[in-house]
Amino acid sequence: MITLALAQMAYFVALQAPLTHGEDGIQAVPRGILLGVFDLGNDLTLYYVVLAIFLFGLLATFASSIHLSAPC
């Protein structure tokens, strides 16, 4: 129970801190350029970068589960 209480305290401190702007979240974070090549300010480029990272993670998860379930 103490873990849950500490987590709730940390949550409400972060929610009410002036740095985080509460429920609106941190705003005006610049996107920047990924690896000096991909301009993440462009919405379409950001979409494809996020899609590639997601697909890589999904593939890694499936490959790991297949590898772990294979008989020795």
**Q** Quick check: closest heavy atoms across Arg31 and Asp43, and the distance to 0.1 Å?
**A** NH1-OD1, 2.7 Å
**Q** Just distance, no hydrogens or angles: give the donor-acceptor pairs under 3.5 Å from side chains in residues 6-14, sequence neighbours left out.
**A**
none

**Q** Please determine whether residues Leu15 and Leu4 belong to a single hydrophobic cluster, defined as Ile, Leu, Val, Met, Phe, Trp and Tyr linked transitively by side-chain heavy-atom distances below 4.5 Å.
**A** no
**Q** When rounded to the nearest 0.5 angstrom, what is the spacing between CZ in Phe56 and OG1 in Thr61?
**A** 9.5 Å
**Q** For Leu51, which of Leu55, Val49, Ile53 qualifies under side chain to side chain contact (heavy atoms under 4.5 Å, CB included)?
**A** Leu55
**Q** With side chain to side chain contact (heavy atoms under 4.5 Å, CB included) as the criterion, how do Leu46 and Val50 come out once you've worked through the C-alpha distance, each side chain's angles and the decisive distance to 0.1 Å?
**A** CA-CA 6 Å; Leu46 180 64; Val50 171; 4.2 Å; yes
**Q** So do the side chains of Ile33 and Leu40 get within less than 4.5 Å of each other, counting heavy atoms only?
**A** no
